[in-house]
Amino acid sequence: MPELPEVETIRRDLEPLVVGRRITAIDVDPGTLGLLAGGLPIEALQHALIGRTITGAGRRGKYLLFALDDGRTFVVHLRMTGRLVWRPSDAPPEPYERARIGLDGGHDLRWGDLRKFGTWRIVDDPAEAVGKLGPEPIDDAFTFRAFRAALAGRTAPIKAVLLDQRRMSGLGNIYVDEALFEARIRPDTPAADVSPAAARRLWAAARSVLERGIENRGASFKDYVDGQGQPGQQHMHVQVFRRHGKPCYTCGATIVRTVVGGRGTHYCPHCQRRARQRSQPRGA
DNA sequence: CGTTACCTGAAA
DNA sequence: TTTCAGGTAACG
């Protein structure tokens, strides 16, 4: 469920709560362990984490990176339905709670994950987990030039390119649909056909939708909650995502749903224009 | 490149 | 009953 704004909101919530805390216990539902930790036995997980003090809470793309006092990094990905919530040790279980990370001081982190797609890894170097990710769209280093380079020569739909975490990291299905609406580009436009002017709008839109998502503490369509278990607000501000059948706030046309890059895709057929036709392929 | 699989529901 | 789901990795 979580994209960059949701993961960043959780990171900001948890940082002041967990940094300086020592891990005292690790409990994982046996039916989840194999999927969560990639076959790592519970004893290995406990050995790596118990007794460690958390020294930092970072993020790269959609990954949470908890620095440990032995120099290693505890890497968490929430995938579709993962949640990581700070609770008093005696609080009732989270929905679909699958694991607990006990901390000193009377609180723990609760791991809930309906679909069990989430992952935990412990690595010596964070690059082992996040080294292949493309640049952060909200970073100053992500210039228009860098954005154009990511699109260059790609025949795949622009939406698929934006979702490819190796090109740029952090955008997911909600924010891609919203950015394409803001840039007035149809999601199925081949990336190489996006004009320079449209690309510039899209570059700016990608950054602004992510930043607004963070300001609104993430989008809670279904499962997402922040680091204290509270929903975000961003789902109240979407223009197209899951609004198919409803009128566009800008022009009144009916928002439609299609599938692009294997993902449900929402756009306004009036506001979002197809790119100029590509030059005709030769032959045939 | 697009499609399928992973898992467990909730919604149409 | 069927489809769909904030993601990614493994297919062909």
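Order of the sequence lines fixes the chain letters, A, B, ..., with proteins taken first and strands second; residue numbering starts at 1 for each chain.
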Closest non-hydrogen atom pair between A/Leu45 and A/Ala37, with its separation: CD2-CB, 4.4 Å
Please report, rounded to the nearest Å, how far the C1' atom of C/dA5 is from the CZ atom of A/Phe221. 12 Å
Out of C/dC4, C/dG7, B/dT8, which nucleotide sits closest to the side chain of A/Arg257? C/dC4
N or O in side chain of A/Lys222 less than 4.0 angstrom from C/dC4 OP1/OP2: no
Within this structure, what is the CG-CG distance for the pair A/Leu171 and A/Leu162, rounded to the nearest 0.5 Å? 6.0 Å
Looking at A/Tyr249, is A/Arg243 sitting on its ring face, NZ or CZ under 6.0 Å from the six-membered ring centre and within 45 degrees of the normal? yes
Report which part of the nucleic acid A/Pro95 touches: base, sugar-phosphate, or nothing (heavy-atom distance under 4.0 Å, all strands). nothing
Report which part of the nucleic acid A/Arg166 touches: base, sugar-phosphate, or nothing (heavy-atom distance under 4.0 Å, all strands). nothing
Do any side-chain nitrogens or oxygens of A/Tyr224 fall under 4.0 Å of OP1 or OP2 in C/dG7? no
Is the shortest distance from a Lys or Arg side-chain nitrogen in A/Arg11 or A/Glu8 to a carboxylate oxygen in the other one below 4.0 Å? yes
How many Å lie between CG on A/Leu36 and P on B/dC6, as a whole number? 18 Å
Tell me whether the rings of A/Phe74 and A/Trp120 are parallel (<30°), tilted (30 to 60°) or perpendicular (>60°). perpendicular
Would you kindly give the CZ-to-C1' distance between A/Arg79 and C/dA10, to the nearest whole Å? 12 Å
When all nucleic acid strands are considered with a 4.0 Å heavy-atom cut-off, which category describes A/Leu35: base, sugar-phosphate, or nothing? sugar-phosphate
If only side-chain N and O atoms of A/Tyr96 are considered, is one of them under 4.0 Å from the OP1 or OP2 phosphate oxygen of B/dG9? yes
Around atom NE2 of A/His47, are there more than 12 heavy atoms of other residues, nucleotides or ligands at under 6.0 Å? no
Can you sort out which residues in residues 207-214 of chain A have a heavy atom within less than 4.0 Å of DNA chain C? Ascending by number, please. none
Do A/Gln233 and A/Asn216 have a side chain donor and acceptor closer than 3.5 Å? no
Quick one: is C/dG7 close enough that its OP1 or OP2 comes under 4.0 Å of any side-chain N or O from A/His77? no
Please give, in whole Å, the distance from C/dT8 P to A/Met80 CE? 10 Å
Over-ring placement of A/Arg200 relative to A/Phe144, 6.0 Å and 45° cut-offs: yes
Can you find a side chain N or O atom of A/Gln165 that sits less than 4.0 Å from OP1 or OP2 on C/dT8? yes
Residue that, paired with A/Lys159, satisfies salt bridge (charged side-chain N to carboxylate O under 4.0 Å, His left out) out of A/Asp188, A/Asp177, A/Asp164: A/Asp177
From CZ of A/Arg242 over to P of C/dC4, roughly how many Å is that when rounded to an integer? 12 Å
Output yes when at least one side-chain N/O atom of A/Arg263 is less than 4.0 Å from OP1 or OP2 of C/dG7, else no. yes
How many whole angstroms separate atom CG of A/Leu163 from atom P of B/dT3? 15 Å
Categorize A/Gly172 for me: base, sugar-phosphate, or nothing, with a 4.0 angstrom heavy-atom threshold over every strand shown. sugar-phosphate
Could you identify which residues of residues 113-124 of chain A place a heavy atom less than 4.0 Å from some atom of DNA chain C, listed by residue number, or say none? A/Arg115, A/Phe117
Expressed as a whole number of angstroms, how long is the span from A/Met168:CE to C/dT8:P? 14 Å
C1'-based separation of B/dC6 from C/dT1 [nearest Å]: 22 Å
Comparing nearest nucleotides in DNA chain C, the 5'-proximal residue of the pair A/Tyr63, A/Phe241 is A/Phe241
P-based separation of B/dC1 from C/dA5 [nearest Å]: 23 Å
For a quick check of understanding: with a heavy-atom distance under 4.0 Å over all strands, which category does A/Tyr175 fall into, base, sugar-phosphate or nothing? nothing
Establish, from distance only, whether the side-chain atoms of A/Glu3 and A/Tyr224 form a donor-acceptor pair under 3.5 Å. no
Using the P atom in both, what is the distance from B/dC7 to C/dC11, to the nearest Å? 15 Å
Here the helical stems involving DNA chain C, each at least 3 consecutive Watson-Crick or G-U pairs closer than 3.5 Å, sorted by first residue number, are B:1-6 with C:7-12, B:8-12 with C:1-5
